[in-house]
Each structure stands twice: as structure tokens, then as C-alpha cells.
Amino acid sequence: MSHIKTVGILSTGVIGAGWAARVLARGYDVIASDPGQNAAEILQSKIDNAWPALIKIGWAKTTTPPAIRFTDDLEELARTADFIQESAPENIELKRKLHTELDRYAAPDVIIASSSSGLLPSEIQADCRHPKRVMIGHPFNPVYLLPLCELVAGSKTSPETIDRAEVFYRSLAMHTLRVRKEVEAYLSDRLQEALWREALHIIDEGIATPGDLDAAITYGPGLRWAFMGTFKTFHLAGGNQGMRHFMKQFGPALKLPWSKLQAPELSDELIDKIVTGCETESGGRSIEQWEQLRDNCLIDIMRTLRPYNVASGQTLAHDEANRLTSQDHQRWHKDDDITGPLALHTSVVEPGWIDYNAHMTEAAYLEAFGWASDALFRYIGIDETYRAKGNSFYTVETHINYIKEVSAGEPLRFTTQLLGLDDKRLHFFHAMYHGLSGDLLCTTEQMLLHVDMEAQRACAILPHVSAALNAIMSAHRSLQVPAQVGHQMHIKPKT
Ligand SMILES: NC(=O)c1ccc[n+]([C@@H]2O[C@H](COP(=O)([O-])OP(=O)(O)OC[C@H]3O[C@@H](n4cnc5c(N)ncnc54)[C@H](O)[C@@H]3O)[C@@H](O)[C@H]2O)c1
């Protein structure tokens, strides 16, 4: 969002630090504040821990996080920030007091959002002079990866505040869910809480361990939940007649004592059972190790869902399209200087691209070049709209030359040179360089065929893409052909 440059993060615990990392990776400046001891150092280490995941998901473009500004002065934070996200402990008196103070110093058009998990925004905004800009923006842990953000207005929040906040959260690649009616625990936590209360009863009654209950989710319903909620899942569970048959079959069970919902008394014995159960289930791995595994799994799940265009995969795909197409310089224009190889893409070596030698694996080079090809496609006008009409390029041949190793987190830049073109075929060469030293690391030469995807047949490149390609081709015809092009593998026989 053009007018939001600096985001104020008040309180930097689990959630505040997650916000700070996400906001930084998405290109905003951060001013943060927290009264805790060594809060600035702790925040920095939390951001550092989140950074590899943010590189992996493709948002962080630098090997280390940009610097943040930390202040002990709430007034300074409120006066500096263009958007404020409060993530203080879940306590209504404290939140109300903090919002009143933030509201006193922040310019009236600065949105002040609370990360609260379930408090009513009307109560949080009650003492503010400009309550119309106070709202709930409820995220999920880890905030730096999970897309969901519930937007809840209080009785005095203006609709414009929610609209503007939605634009901001979407600029963070989040999925915004407007809660239609102010209610405690909003939507997601209300559902989570029902499950949680049942789980506490089951443990309390000695029926199962925390490990059993986690298995009851992760091997079954949980796998579906990443892309189908309860309603869609049960709709399918009703066979061909869907939900109508499901209701007929399982409706009577609603009268059975299948759930209790009122939480059991939280006795010391129950707490001990839960804590011991969780420690046993952790199997000796630290919280940090589980966090790393969680982050990797979350990214891989979201990426897996991307080609299916569902749930969080759809959010990733939309964000990617918006981000890449909104970069004007990424779209060919007849006045562009295209006399040299095109510099359209940069990235960072993702942690997951590394093999046991601590270097990038062979397959990862292909993935990295895939993104460079994607940047070329967007530049010449092949985007979601073009593909939706049924046309695309398919790669038919690839040659890779591995030249120099590169390690996790190192910056990469790519150049692209066109070698050949006709009405259906495109022949090009990508070079991958180290972003700092400039060393040539790897090259690839590829032949692509333009296809009609429905007919599964080669077809002519559409005119606007062809115009861009022809302009680039005529500029690149005079460039020297790189030494790796047309390279043949052979071992000279000894003479
Ligand atoms: N943990 C979650 O899974 C989760 C998810 C979504 C939303 N939330 C919500 O986010 C908020 C923060 O939760 P958290 O899990 O990050 O808690 P946390 O305990 O990890 O962090 C709270 C932070 O607030 C700071 N703090 C304490 N007193 C303060 C004061 N007077 N003024 C300003 N800051 C103060 C603490 O130093 C700490 O850094 C809560 O409203 C919570 O309901 C939590």
C-alpha cells in the first residue's frame, strides 16, 4: 500500500515478532516496542529464526533481515507508524489502556489493529478519541507464514477502516476473513476452542493421551482441513447426495452425548497430564526444532495446494500474480533497453535447496531457473490471463552446466538471452550469477514449444507475446553466443 511505509508493532512476543518478520519480508519498515527485558534482542532473534522460512516461501529477498527500529517510547511508535498492530497480552484492561494511549498520539487516519484472540473490539476502542480506526486483525501462529487474518469491527469502527486494513493485510499475502458480527473468539478460535474443550474432557477422563488425540487429527481430519473445512468435508461424506444425505444419516447423532463443550475444571492433575503428554509426544526435540519442522511443512503444504488453486494455495497464487504483475518494469515496453541479456529475476538460495554437502542440489537449479523463465514469461505478456485462455509454453529440452557451488541464503541474480525464435518455438539461455561476487554459478539452455493446452498441440504464439519476443530477438541477435550453448558432453579418447 503506497501510503503505508512504516508499521508499528506494539509488543513483540510470539505474535508481535511474527508480525514484524512478515511485515519486513513484505518490504515495509518496522518500528517496534515491548517493555519486556532484553525485548529488542529477543525480537531480533525471533525475526532471524523466521527468516529462512520467509526466504523459502519467496518473500524475503535478502539473506539477512533488514534492520528494525526499536523504541521504549510508545508515543514515538504511535507518531512514527502508518499502521499499528498491537499484540499485547490478552487482557481487556491492558488492551483498552494501550489503545487509548496509541490513539492519543497516532494521526487520526492511522489504523490501530489488535491481534486479540477473542476480545470484543467495542470494548478495546471504548476510551479512544478516534475509535473508528480501531479494529481487530486476528492472525494465526506462525504469523509470518499462515495467511488467515480475521477482521472484526467494533460498534464504532468505520467500514472504511476495515476496507483499508484489508488492502494492507492482503499486501502481506494474507487471506482476510471479515467477521460479520462482533462476537467473542470470532470464528476460528470459536471452532478451535470447541475441539480444545472436548480434548480436555477426554484427557481428564483418562480416555486418551495428548499424543492419541493429536494422531486422531493429523492422520485423518487434519489432512483434509488444509483445503476443505468441516462443511465441504461433510458434504462429500454424504455421497452423491452430499449434505442432504449426510444430514439424514448423522443428524440423529446430534442428540447423542458426543460432545460436552463446557470445559472441565482445570485441575493441577489435568494440567500435569497434558504437559507430560505433550513432552512425551515431543520425543526429545526442542520447541525450536518443532518450529522449524512446522514451518517447512506449512510452506510445502501451501505450495502443494497452489496448482490446485484451493485455500492457502490460492492465496499464494494470487499473491504471486499480483506481486509479479504489479512490477511495471517486469512487463516489456517498446522503449525498454533490451540490447543486453535481460535481468528480470533475483532470488536467494532456499534452505530446502541444500544437499548433504551444504550446496545447492541439482534439481534446485532447475527450480531456480524455472522462476527465471516465469519472469521472462511475465515480461513478454504470458501471465494468468494468457494461460487461462488455454495457451502456454512447454519446455521440450534443457541443458544445464553447473559451474560453481553456492550455499543456503546466498543471493542469486539471473540474466536471460534469446537465441532463437519462430512462430511456435523459443530458444533461450539463462545465466545464474552470485548476487554479491558476480561469479557465474550455472547456466541453462532451453527449447520451448508454444502450445494450445486443451488440444495438447503446438500452436502459434499469440500476437502481443510474439511482438515482444521479436523485438527482444532482433536486439539479441547481435549478442555473442555464450560458450555453454550447444555444448556437447563427451570424453576425448586418449591418443
Ligand atoms: N499465541 C497465539 O497463538 C496467538 C494467536 C493469535 C493471536 N494471539 C493474541 O496475540 C496477543 C499476544 O499474544 P502472544 O502469544 O504473542 O503473547 P506473548 O506472551 O508471547 O507476548 C506478549 C508480549 O507482550 C509484552 N507485554 C507485557 N506487558 C505489556 C504491556 N504492559 N505493554 C505492552 N506490551 C506488554 C510482553 O513483554 C510480551 O513480549 C494476545 O492478544 C493473543 O490473544 C495469540
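All ligand and atom numbering here is 1-based and tracks the order in the structure. Treat the numbers as computed from the prediction; the structure is a model and nothing was measured.
When I15, L94, I42 are checked for heavy-atom proximity to atom 44 (C) of ligand 1, I15 turns out nearest. Between atom 26 (N) of ligand 1 and the options S114, P142, G13, P89, the minimum heavy-atom separation is to P89. If you check each of D34, V14, L10 against atom 37 (O) of ligand 1, the one with the closest non-hydrogen atom is D34.
At least one donor-acceptor pair under 3.5 Å links the side chain of R22 to the backbone N or O of L172. Using a distance-only test at 3.5 Å, with no hydrogens or angles considered, no donor-acceptor pair links the side chain of T6 to the main chain of V30. At distances below 3.5 Å, not a single donor-acceptor pair connects side-chain atoms of S392 with backbone N or O atoms of R387.
The pair E150-R190 does not meet the salt-bridge criterion, since no charged nitrogen lies less than 4.0 angstrom from a carboxylate oxygen.
If you look at V143 next to ligand 1, there are no close heavy atoms at all, none under 4.0 Å. The residue S33 has no part lying near ligand 1, judged by heavy-atom distances below 4.0 Å.
Among all protein heavy atoms, the one lying closest to atom 11 (C) of ligand 1 is A88 O, 3.3 Å. At the top of the distance list for atom 12 (C) of ligand 1, counting protein heavy atoms only, stands S87 O, 3.1 Å. Looking only at protein heavy atoms, the nearest one to atom 6 (C) of ligand 1 is P139 O, 3.2 Å. The protein heavy-atom contact nearest to atom 33 (C) of ligand 1 is S11 OG, 3.2 Å. The shortest contact between atom 43 (O) of ligand 1 and any protein heavy atom is with S117 OG, 2.6 Å. Protein heavy atom in closest approach to atom 30 (C) of ligand 1: P35 CG, 3.7 Å. For atom 3 (O) of ligand 1, the nearest non-hydrogen atom of the protein is N141 CB, 3.7 Å.
Annotation: K156, atom NZ; neighbour count of heavy atoms from other residues, nucleotides and ligands within 6.0 Å does not exceed 12.
Judged by the shortest distance from any of its heavy atoms, K95 lies inside the 4.0 Å radius around the atoms of ligand 1.
Below 4.0 Å from some heavy atom of S115 lie the following atoms of ligand 1, by number and element: 7 (C), 8 (N), 9 (C), 10 (O). Taking a cut-off of under 4.0 Å to the non-hydrogen atoms of H138, the atoms of ligand 1 that pass are 6 (C), 7 (C).
For atom 17 (O) of ligand 1, no protein heavy-atom neighbour is present inside the 4.0 Å cut-off.
Using the six-membered ring where Trp is involved, F246 and F234 have ring planes that are parallel, under 30° apart on the 30 and 60° scheme. Between F369 and F414, the ring planes lie perpendicular to each other; the angle is over 60°, past the 30° to 60° tilted range.
Nearest heavy-atom pair across T157 and V134 is OG1-O, 2.7 Å.
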Notebook entry, point to check: Run the ring-ring contact (aromatic ring centres under 6.0 Å, His included) check on Y28 and W59 step by step: do they pass?
Noted result: CA-CA 12 Å; Y28 293 98; W59 299 339; over 10 Å; no
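In this structure, R413 forms a cation-pi arrangement with Y433, its terminal cationic atom sitting closer than 6.0 Å to the ring centre and no more than 45° off the ring axis.
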